[in-house]
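These notes concern the structure reproduced below.
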Amino acid sequence: MIIRVAEVCEKVLGKKLVYIATDDDRIHTKVKEFGFQTISTSKLCLTGTDRVAEASKKIDSEIYINVQGDEPLIKSQDIKKILDEKLKYPERVICGYTEILKNEDPLNKNIPKVVLNENDELIYISRSLVPGSKDKNLLNKNKFFKQVCIYAFNKRELNQFYMFGKKSTIERLEDIEILRFFELNIKIKMVKTTSGSLAVDQKDDIKKVENFLKKNGKKN
């Protein structure tokens, strides 16, 4: 799965600019077999973004794209969209989102739901069903959106995130790392990506991804 994600990233940036940050020797070994670069990070990293922040200390760049290794269905054009948006809004964290599909359960706690304002900025993200409504008819007609774990940061944003030194209260409660940026007063610009993204959060998701690939092909 990690190699599949790395190969999608390679289509956008080229192999020389793709790094796999990990604390696991097995991942280091396997990734290098496929010719990708790795960066060793601490086993004490609180989140994936903390891991990227550690990696950024070893790589000098203006922009860092974090593509999580549990998103095997991401598309190369979506990574490019995130990168392009970061170039337009260098002082915003950029994150992907997409509509929750009919075959997905919006009540699933493994799916972080996002709420945006009219400027496509993140207002809140939750494992609970948001936004809510007292009117069941409105709620039933509402479209819900989920996070797609492709992010773009600059070095300052990563440093601030890392130097916070702990999970924020709401970040720890929701178990959603991007919420820490709220404590830092850093705005998050959301970019709509291709539908069909499916993260592997539990073993059952592997079969779902395999079935999707059999049905729709392996284009990315």
Side-chain angles (χ1 to χ4, degrees), residues 1-87 93-98 110 112 146-155 157-158 161-162 177-178 191 193-220:
M1 182 167 62
I2 293 171
I3 298 305
R4 178 180 172 83
V5 174
E7 288 173 344
V8 177
C9 295
E10 180 186 3
K11 290 182 178 181
V12 182
L13 301 169
K15 200 165 236 177
K16 288 184 178 180
L17 292 179
V18 176
Y19 296 82
I20 288 79
T22 182
D23 60 20
D24 192 312
D25 289 338
R26 295 168 300 173
I27 295 176
H28 280 293
T29 300
K30 180 56 66 177
V31 164
K32 287 177 180 177
E33 286 178 13
F34 285 83
F36 287 99
Q37 303 171 89
T38 66
I39 292 182
S40 294
T41 50
S42 168
K43 292 183 181 294
L44 301 177
C45 287
L46 297 174
T47 69
T49 303
D50 290 290
R51 195 175 303 282
V52 173
E54 277 197 7
S56 73
K57 298 178 189 300
K58 302 177 183 180
I59 304 169
D60 188 24
S61 179
E62 292 182 9
I63 294 174
Y64 300 86
I65 308 294
N66 177 9
V67 182
Q68 294 193 355
D70 62 357
E71 291 268 5
L73 299 182
I74 57 166
K75 302 288 193 299
S76 56
Q77 61 262 36
D78 290 331
I79 299 174
K80 182 69 164 55
K81 282 176 74 173
I82 299 291
L83 173 58
D84 289 344
E85 198 74 2
K86 184 61 174 175
L87 291 170
V93 167
I94 310 298
C95 182
Y97 79 101
T98 192
N110 288 318
K146 65 179 180 179
Q147 179 189 31
V148 175
C149 291
I150 311 172
Y151 309 94
F153 313 103
N154 61 37
K155 190 179 284 286
E157 290 158 351
L158 287 171
F161 185 94
Y162 190 79
E177 64 206 71
I178 202 170
V191 177
T193 61
T194 310
S195 62
S197 173
L198 177 63
V200 177
D201 297 307
Q202 51 193 11
K203 286 187 177 180
D204 291 348
D205 293 333
I206 296 173
K207 196 64 181 176
K208 293 176 186 176
V209 170
E210 289 174 344
N211 289 337
F212 182 93
L213 291 173
K214 286 176 184 177
K215 184 178 178 180
N216 298 280
K218 298 184 178 181
K219 294 180 179 180
N220 51 27

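For this chain, numbers begin at 1 and follow the sequence in order.
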(request) Would you indicate whether Lys155, at its atom NZ, is surrounded by more than 12 heavy atoms from other residues, nucleotides or ligands within a distance under 6.0 Å? (result) yes
(request) Find the distance between OH (Tyr151) and CD1 (Ile82) and round it off to the nearest 0.5 Å. (result) 10.5 Å
(message) Main chain of Gly48, side chain of Gln68: is a donor-acceptor contact present, judged purely on distance under 3.5 Å?
(response) no
(message) I want to check something: taking the side chain as every heavy atom from C-beta on, are Asp25 and His28 in contact at a cut-off of under 4.5 Å?
(response) yes
(message) Under a 3.5 Å distance rule, please check whether Gln37 uses its side chain to pair with a backbone N or O of Lys16 as donor and acceptor.
(response) yes
(message) Using 0.5 Å steps for rounding, measure from the CZ atom of Arg4 to the CZ atom of Phe34.
(response) 13.0 Å
(request) Answer whether the closest heavy-atom distance between the side chains of Asp23 and Cys45 falls below 4.5 Å. (result) no
(request) Show the numbers, then the answer: is there a side-chain contact (heavy atoms from CB on, under 4.5 Å) between Asp78 and Ile74? (result) CA-CA 7 Å; Asp78 290 331; Ile74 57 166; 5.8 Å; no
(request) Kindly compute the distance separating CG (Asp50) from OG1 (Thr41), expressed to the nearest 0.5 Å. (result) 10.0 Å
(request) Apply side-chain contact (heavy atoms from CB on, under 4.5 Å) to the pair Lys146 and Thr98, showing each step before the final yes or no. (result) CA-CA 6 Å; Lys146 65 179 180 179; Thr98 192; 3.6 Å; yes
(request) Taking the six-membered ring of Tyr162 (Phe, Tyr or Trp), confirm whether the NZ or CZ of Lys57 is under 6.0 Å from its centre and within 45° of its axis. (result) yes
(message) If you compare all heavy atoms of Leu158 against all heavy atoms of Ala53, which two are closest, and at what distance to 0.1 Å?
(response) O-CB, 3.7 Å
(message) Using the rule side chain to side chain donor-acceptor pair (under 3.5 Å), only one of Thr22, Thr29, Asp24 pairs with Arg26; which is it?
(response) Asp24
(request) Heavy atoms only: give me the nearest Ile65-Ala152 pair and the separation to one decimal. (result) CD1-CB, 3.6 Å
(message) Any side-chain to backbone donor/acceptor pair from Glu157 onto Asn154? Under 3.5 Å, distance only.
(response) yes
(message) Can you confirm whether Glu33 is buried at CD, in the sense that more than 12 heavy atoms of other residues, nucleotides or ligands lie under 6.0 Å from that atom?
(response) yes
(message) Whether Lys86 engages the ring of Phe153 as a cation-pi pair (distance to the six-membered ring centre under 6.0 angstrom, angle to the ring normal within 45°) should be assessed.
(response) no
(message) How long is the straight-line distance from CZ of Arg51 back to OG of Ser42, given to the nearest 0.5 Å?
(response) 7.5 Å
(message) Looking only at the side chains, is there a donor atom on one of Glu177 and Thr49 sitting less than 3.5 Å from an acceptor on the other?
(response) yes
(message) Nearest 0.5 Å, please: how far is OG1 in Thr47 from CG in Asn66?
(response) 9.0 Å
(message) Contact between Thr194 and Gln77 at the side-chain level, heavy atoms closer than 4.5 Å - yes or no?
(response) yes
(request) Report the C-alpha distance between Ile39 and Ile20 in whole Å, list the side-chain angles of each, state the deciding distance to 0.1 Å, and finish with yes or no for side-chain contact (heavy atoms from CB on, under 4.5 Å). (result) CA-CA 6 Å; Ile39 292 182; Ile20 288 79; over 6 Å; no
(request) Take Ile2 and Lys30 through the side-chain contact (heavy atoms from CB on, under 4.5 Å) test and state the conclusion after the steps. (result) CA-CA 9 Å; Ile2 293 171; Lys30 180 56 66 177; over 6 Å; no
(request) Could you tell me whether the side chain of Thr193 reaches within less than 4.5 Å of the side chain of Lys81, counting heavy atoms only? (result) no
(request) State the OG-CD1 distance between Ser56 and Ile63, to the nearest 0.5 angstrom. (result) 13.5 Å
